[in-house]
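Report on one structure; see the data block that follows.
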Amino acid sequence: QDSQVSDTETITDGHRWPRQNSLSMREWDIPFEELRIGEAIGTGRFGTVYRGYWHGDVAIKVFKMDNLNDEKALDQFRIEVSTFRKTRHENLVLFMGACMSLPRLAIVTSLSKGMTLYTHIHLRKDKFNMNKTTIVAQQITQGMGYLHAKGIVHKDLKSKNIFLENGKVVITDFGLFSVTKLCFGNRKNNALGIPAGWLCYLAPEIMRSLKAHQSHDDELPFSKASDVYAFGTVWYELLCGEWPFKGQPPEAIIWQVGKGMKQPLANLQASRDVKDILMLCWSYKSGDRPDFIRLLTILDKLPKKRLARSPSHPIHLSRSAES
Ligand code: ATP
């Protein structure tokens with residue numbers, strides 16, 4: 001299991017933060033009153049993201065809490081969040097601080113002005129040519145490689161959590177998955193307790209750990225390798241414009257992936273090298289999946305088409321800046 005924290009800020013006795021370590025925490029702790037909260041941008045599984053103001057425009061993710069008595073989960077969340085301030089990479093959203101005083105838990109990040117890959121691919125049906133696909137994938141790989149080097153597992157890498165801003169990839173929502181334990185009742189469940197649009201990113205070992213009534217005490221085995229599996233699905237979305245196992249019921253997806261079956265690639269018009277990346281990332285055994293450093297080497301070796309006089313680029317990056 002990948003460790004989330006290798007910091008001196010771990011909780012060493014039964015006392016809860018912020019009584020100890022308060023000095024080192026203070027630099028990123030934001031009092032809720034200092035935030036000017038504006039209009040809601042959208043509501044996800046675990047809370048609502050607002051446009052806001054804190055020394056400039058920011059995005060404020062306010063978690064909808066319904067499990068405030070789970071001290072262990074709260075502490076785990078605080079420790080995880082404390083690692084975010086160590087993230088400084090141009091392909092990761094800028095973590096500015098957090099409000100950690102109950103009952104309000106919020107994360108403050110830079111406001112992304114672009115659109116998510118989800119919006120580009122699934123809503124606008126934008127087509128990404130191979131060059132653009134490779135460039136986007138390289139940037140995701142660089143951001144994820146950095147995150148893993150810092151010991152942070154994303155746990156929720158998906159096209160909804162990847163913004164494109166003037167051609168630059170910005171990954172959001174990393175390491176926040178443990179907050180699900182605090183917001184469990186906020187999930188929009190289907191019969192299996194699994195939110196829609198989430199399954200196709202889950203590696204076989206996670207599929208096999210899903211229970212019919214997933215409880216917040218059941219740890220799912222997220223790891224660096226499960227992030228790589230999720231990246232494989234994003235690579236597929238970029239190539240095909242849709243999710244793998246499209247239109248299939250959750251039970252069928254869980255059964256197939258859990259047994260080691262993969263989305264067939266017969267209809268995908270792409271070179272062997274490009275398909276090999278999918279097969280590597282989607283390897284059944286987590287140990288067979290490449291890490292992001294190796295993936296970057298593989299992506300760098302993909303043949304590049306010369307774009308110099310190409311008249312049509314399916315994706316117009318200037319548009320994303322205007323949204
Ligand atoms: P899920 O709960 O499945 O992750 P989601 O990604 O839509 O779904 P949130 O992460 O809560 O849920 O995001 C809610 C909305 O806020 C989305 O439209 C998302 O694109 C937007 N959003 C999130 N972070 C930022 C940000 N830093 N800047 C601008 N918009 C953001």
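Values below: all heavy atoms of this structure, side chains included; hydrogens, waters and symmetry mates excluded. Counting starts at 1 for both ligands and their atoms, following the listed order.
Each of the following atoms of ligand 1 lies closer than 4.0 Å to a heavy atom of G44: 2 (O), 8 (O), 11 (O), 12 (O). Using a 4.0 Å cut-off to heavy atoms of T109, the atoms of ligand 1 that qualify are 27 (N). Near K61, meaning under 4.0 Å from any of its heavy atoms, are these atoms of ligand 1: 9 (P), 10 (O), 11 (O).
Considering backbone and side-chain atoms together, T43 places no N or O closer than 3.5 Å to any N or O of ligand 1. Polar contact with ligand 1: absent for T172 (N/O pair, distance under 3.5 Å).
The side-chain hydrogen bond (donor to acceptor under 3.5 Å, both in side chains) test with N91 singles out one residue from Q139, Q138, K168, and that residue is Q139.
Residue pairs meeting the ring-ring contact (aromatic ring centres under 6.0 Å, His included) criterion with at least one partner in residues 246-273, sequence neighbours excluded, do not occur; the list is empty.
S283 approaches R289 most closely through the heavy-atom pair O-NE, 2.8 Å.
Between K158 and ligand 1 there is a heavy-atom distance shorter than 4.0 Å.
Contacts between S112 and ligand 1 below 4.0 angstrom, taking non-hydrogen atoms only, involve backbone and side chain alike.
A search for side-chain hydrogen bond (donor to acceptor under 3.5 Å, both in side chains) contacts involving Y284 returns R208, not counting sequence neighbours.
Note that atom 29 (C) of ligand 1 has protein non-hydrogen atoms nearby, at separations under 4.0 angstrom.
Taking each of S159, G42, A59 in turn, the one with a heavy atom nearest to atom 14 (C) of ligand 1 proves to be G42.
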